[in-house]
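Contents: one structure, followed by commentary.
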Protein chains: 2
Amino acid sequence: MPTSTFYNLDESKRKQIFDACVEEFAAHTYSEASINQIIKTANIPRGSFYQYFADKEDCYLYLLGEIAKEKMILFRDIVAKDDDDTVFDEYEKMFDQAIVWIEKKPQYYQIGIKMDMDNSEFIRKLLKGNQAGLDYFASLIKRDQDRGIIRKDVDADVLTEMLFSINRTALMNFFYKRDFEGMKKQLHHILEIIRKGSTTEENHV
Amino acid sequence: MPTSTFYNLDESKRKQIFDACVEEFAAHTYSEASINQIIKTANIPRGSFYQYFADKEDCYLYLLGEIAKEKMILFRDIVAKDDDDTVFDEYEKMFDQAIVWIEKKPQYYQIGIKMDMDNSEFIRKLLKGNQAGLDYFASLIKRDQDRGIIRKDVDADVLTEMLFSINRTALMNFFYKRDFEGMKKQLHHILEIIRKGSTTEENHV
DNA sequence: CCTCAATATGACAACCCTGTCACATTTAGT
DNA sequence: ACTAAATGTGACAGGGTTGTCATATTGAGG
């Protein structure tokens, strides 16, 4: 937690510091990010930084917290759920949301990428708790198996992993190429393959 | 290139240094790896390191070269090709090979993982040239489309990316869990889904 | 106006790192 | 045995990092 001193600051100064953190943690891994750089960008003296944050970890957690808040606000009312949606439909909707997020705040997304790239103990612990999404998707798949949409011999966990693995790659690609329509089409195509397979009917032995 | 002095060393001493490099670069990213640590592990003085290698890059390239040599030797005669193989069969064989490699030399594989994690200019350049495999697979897919095994409306590049993305995730998983049979089964299951799809026939509209 | 707490500040210690270089030692050839 | 080249060596310079702390400044209440 940042100190009360930090929260007593002008909002403009707080933003100045926040922005400097975003810039640094988007450009570098947690481990590689430099407080020296942050204070230089934010234009505050070294001592002040430590008046506001206990240390680098404190600063990083603050940053993640703020980003999570913004994300919450952005997506609060956007989630249009349709009970007829299959897991694939929901997946596509989620993907679209992710793309909106990336386009709106590319730097925040890059912070996530860099977070994934780090393998310090601190970050590994932080990432551990992030597997709720996986369970949610596995449950959707099971639901669709009960509805008779997905074959029962498909392993829900395996399919979940496939979807997440592909999602990761696709978002990464999007991030670098920024071809919104192309990416949506490509993902749709991938889901078609996962739905119906890639081989001709004769080969569905 | 290491200096001639290095190659004039006893093989045992060279191995000692090589092993220290493996240990360090398996545990840390290229950027994070420390020459200090290497010389400590190899038990050689600082000056000697620079008598053998121009710098860290030189040392790393030497390491990669040695590993590539070993890999070549290991796989020289193992590649049993069958003209009736589909791209999926070849893919599975490749996966098996990768698993053999990981089981034989887990540290070498980890060096690869750590290499992927680094994003220094030097490593990025190094990784650029590594996309030959992708093209090869795309060509196999097109071949199977001509053979009538894979549907023509499937985009070869998209399918290639799917396969590689999944491969990556699967190998990563294997690396951490080391469940050989489980992993093989899981990959087979994934390929079944990619072949035949995951939905019931009624839903193949 | 004066005092005391809150806040600002940059020099500093302590710890990393890499690459160099003058000097010591070993080895090979005459 | 003597010389010259090859090799071994660790102190050092110059750069980075984080977190601390004594001191300066500011602001608010009596």
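By convention in this document, chain letters (A, B, ...) are assigned in the order of the sequence lines, proteins followed by strands, and residues within each chain are numbered from 1.
For B:Q51 and C:dT26, the CD to P distance is 15 Å, given to the nearest whole Å. Distance A:N43 CG to C:dG10 P: 10 Å, rounded to the nearest Å. Taking atom CG of B:D58 as the reference point, atom P of C:dT18 lies 15 Å away to the nearest angstrom. Here the P atom of nucleotide C:dC15 and the CG atom of A:N36 are 18 Å apart, to the nearest Å.
Taking the six-membered ring where tryptophan is involved, the planes of B:F122 and B:Y30 are tilted, since the angle between them lies from 30° to 60°. In this structure, B:F18 and B:Y62 have perpendicular ring planes: the angle between them is above 60°, well past the 30° mark. Using bins of under 30°, 30° to 60° and over 60° for the plane-to-plane angle, the ring pair A:F6/A:F53 lands in the tilted bin.
Using modelled atom types and a 3.5 Å distance limit, the side chains of B:E103 and B:Y109 yield no donor-acceptor pair. Under 3.5 Å, the side chains of B:T86 and B:D89 contain a donor-acceptor pair of N or O atoms. For the residue pair A:E66 and A:Y108, no side-chain donor N or O sits within less than 3.5 Å of a side-chain acceptor on the partner.
In this model, the phosphate group of C:dT7 is not approached by any side-chain N or O of A:Y52 to a distance below 4.0 Å at OP1 or OP2.
Heavy-atom distances to DNA chain D give each of B:S48 and A:Q37 a nearest nucleotide, and the one nearer the 5′ end belongs to B:S48.
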For this session: Carefully, step by step, assess B:N36 and B:S34 under the rule side chain to side chain donor-acceptor pair (under 3.5 Å).
Result: CA-CA 5 Å; B:N36 272 353; B:S34 151; 4.7 Å; no
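Residues of residues 3-34 of chain B having a heavy atom closer than 4.0 Å to DNA chain C, listed by number: B:A33, B:S34.
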Under 3.5 Å, N/O pairs linking protein and nucleotides 19-22 of chain D:
residue: D:dG19; atom: OP2; partner: A:Y50; partner atom: OH; Å: 2.7
residue: D:dG19; atom: N7; partner: A:R46; partner atom: NE; Å: 2.9
residue: D:dG19; atom: N7; partner: A:R46; partner atom: NH2; Å: 3.1
residue: D:dG19; atom: O6; partner: A:R46; partner atom: NE; Å: 2.7

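Here the closest non-hydrogen pair linking A:K105 and A:E70 is CE-OE1, 3.3 Å.
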